[in-house]
Amino acid sequence: MIEMKYVPTICPYCGTGCGLNLVVVDEKVVGVEPWKRHPVNEGKLCPKGMFSHEFIHREDRLTKPLIKQPNGEFKESSWDEATDLIANKLGEIKSENPDNIGFLACARSPNENIYVTQKFARKVIGTHNVDHCARICHGPTVAGLARTFGSGAMTNDFKSIEEADVIFIIGSNNMEAHPLFGRRVIRAKKNGAKIIVADPRFTPTAKLADIYMEFRSGGDVPLLNAMMKIIIDEGLQDDEFIKNRTKNYQRLKEVVSKYDLKKVSEIAEVNVEKLVEATMLYAKADKAAIVYSLGITEHRHGADNVMSTANLAMLTGNIGRDGTGVNPLRGQNNVQGACDMGALPTDYPGYQKVVDVDAKRRVEQNWTCTLDDCAPGLTVVEMIHAAAAGNIKAMYITGEDPVLSDPDTNHVIEAMENLDFLVVQDIFMSETGRYADVVLPAAGWGEQEGTFTNGERRVQLVRKAVNPPGEAKVDWEIMKEIAVKMGAEPEQFTYENAEEIFDEMREITPQYKGMNRERLERPEALHWPCPDENHPGTGLMHVDTFAHPDGMGVFEPAEYIGPSELPDKDYPLILTTTRTLFHYHASMTRRCKTLDNELPMGYVEIHTNDAKKLGILNREFVKVKSRRGEIEISARVTDDIKEGEINIPMHFAEASANRLTTSKELDPKSKMAELKVCAAVVEKIE
Ligand code: SF4
């Protein structure tokens, strides 16, 4: 008799966090059924979620530990052999200097795995060198919103957007990258909301706009400053809100007063009539919301961009009410959780700073240990630079694939090759895994219990539907085994299940303190902050006070810095990178047959006039070069991109955009690399 069951869980792709059911027949996941009454997606899914089951039982899943042999080939090993080798090598390198080891946590995996990863790095190894992909997606959100609002997260919940009178979207193509949030934007428009979109590309989201402002990549700060200058000049600022709820307004006024329309039209190449019209619309609305994503964060001035959106919202009193706020759309399914769990070199769980001795003491009490020091560790890109320079000797990478997803691929490869020891823990052999000394097979989505935290701070249960393949194990089980082999007190890693880890985590994570499994069983789950077990959770933040200790919001005015690399005669175009509707990074979606059939290869978007000058035809293969590398890729000739700019989706290893991008200059406030702008040239292949 056929045995069939539906297992409710959360989509493994974007930070929207849609609910779905895995359809399991005879211990195999055979399909996905949208979760009809789920509060986030209300029974709808985008193509990524709809076909998400297709990678689970792929034959190329990793099923046994692999150890690289002297001839460079991998050989299957037992778990004991692999974990002995890891414990010995990490022990050796730790004895020289614990900070010679770096960890990347996996923002795809449940909070419980991430919590154990950062605990392993800090407690077993003794380093704060632990980071994850938020650094190169929403690191500026964490830094920028923490400085302005006191909390580096989305201010409102998703449904709030439907209450807006005006929605200002900058650097977000949510119709493709976060489609089930985009559905709410469409609903808001049907309710009468006006939509403003600022983007160098005329994206599917821009096509919805009442006012579309094309502008030059990297011109975000001048554009936002000019909007604030217009508002102040016209007397449209909210004086009462500014007086009662904020600090540093005079400084904001001084800085934005320099950004007149002439200056801004030159720097940002924006149409000034549209800019004035959009500003008036935003400023005069009763409820105006800002939505942004990687389009403004992935710059060397990413935190400045974010702070400028926060300044604009505070200037007009658009905070702390439904239909308003600053709403960053987070990338990976659990990148919010990975930040919350302390997979950050500067923060313990719950954004408690490692430089704060009281925070250190609290964590030490909970972990019954003495932590070595209070100096922050290295970020992802700093670890890569340090590895290339020989200052990081070992890395332990869980579920991330920096060779594909981090800027300047050749430099990342050089760093990986320069390591004395590299452990990669993943569900498939990744681009990075090829450079590893040991590859460990991990349990994937649908094969373990735990929690994900979506972009609106909603903490949701994820459930196990089937067993992992072969000998694959859950991340926290693997790290527990190695921790004990490295001499950690067994009672500190005795977890028997994910719930025990969650319960330990919430003891030291103030935002999660009031959450428990029973409360999370409800479909609506809980939004953090949730400080005690009677607290209902917080969908809408900053209602009466901001999260700074004195309750005040802080204007953080920013001056224009601009991109680190501008076009010149050798590299005359600006290259930007994006995601698409059918792929989310690559390792999973490119193994989903339906999604890969929809979009099987990469392309470079180039404006019709630029293509004409170069004699390039639609679909013709061209060479794209930057100072770091070159790729061959099919051209997509279009009017939907600004002249002088080109765009490449970042999913395709065989024509990887990151062979071209730069990691040279980092945002000083968030250590973000400039993934969204570099100079490039397109050449016809003769
Ligand atoms: Fe999954 Fe995001 Fe699509 Fe929802 S919108 S189904 S979370 S990829």
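Values below: all heavy atoms of this structure, side chains included; hydrogens, waters and symmetry mates excluded. Both ligands and their constituent atoms are indexed starting at 1 by order of listing.
- Per-residue contacts place Gly49 under 4.0 angstrom from the following atoms of ligand 1 (heavy atoms of the residue considered): 6 (S).
- Using a cutoff of 4.0 Å between basic side-chain nitrogens and carboxylate oxygens, Glu42 and Arg183 are scored as salt-bridged.
- Distances from atom 2 (Fe) of ligand 1 show that Cys18 has no N/O/S atom below 2.8 Å.
- Residue contacts with ligand 1 include Leu45, since one of its heavy atoms falls under 4.0 Å from the ligand.
- Looking at Pro328 and His138, their side chains come closer than 4.5 Å, going by heavy atoms from C-beta outward.
- The pair Lys28-Asp26 does not meet the salt-bridge criterion, since no charged nitrogen lies less than 4.0 angstrom from a carboxylate oxygen.
- Coordination check, Cys46 versus atom 3 (Fe) of ligand 1: passed, since an N/O/S atom of the residue sits under 2.8 Å.
- Atom 1 (Fe) of ligand 1 lies under 2.8 Å from an N, O or S atom belonging to Cys11.
- Each of the atoms 8 (S) of ligand 1 lies under 4.0 Å from some heavy atom of Tyr13.
- The atoms of ligand 1 that sit less than 4.0 Å from any heavy atom of Pro179 are 5 (S).
- A salt bridge links Lys189 with Asp210: at least one charged nitrogen is closer than 4.0 Å to a carboxylate oxygen.
- Counting the atoms of ligand 1 from 1 in the order shown, those under 4.0 Å from a heavy atom of Leu180 are 5 (S).
- Cys14 SG, 2.3 Å is the protein heavy atom nearest to atom 2 (Fe) of ligand 1.
- Of the residues Arg636, Glu605, Lys676, the one that meets the side chain to side chain donor-acceptor pair (under 3.5 Å) test with Asn647 is Glu605.
- Salt-bridge annotation for Asp408 and Arg659: absent, with no side-chain N of the basic residue lying under 4.0 Å from a carboxylate O of the acidic one.
- Ligand-side atoms of ligand 1 in range of Gly17: 7 (S), range being under 4.0 angstrom from any heavy atom.
- Using the six-membered ring where Trp is involved, Trp528 and Tyr351 have ring planes that are tilted, between 30° and 60° apart.
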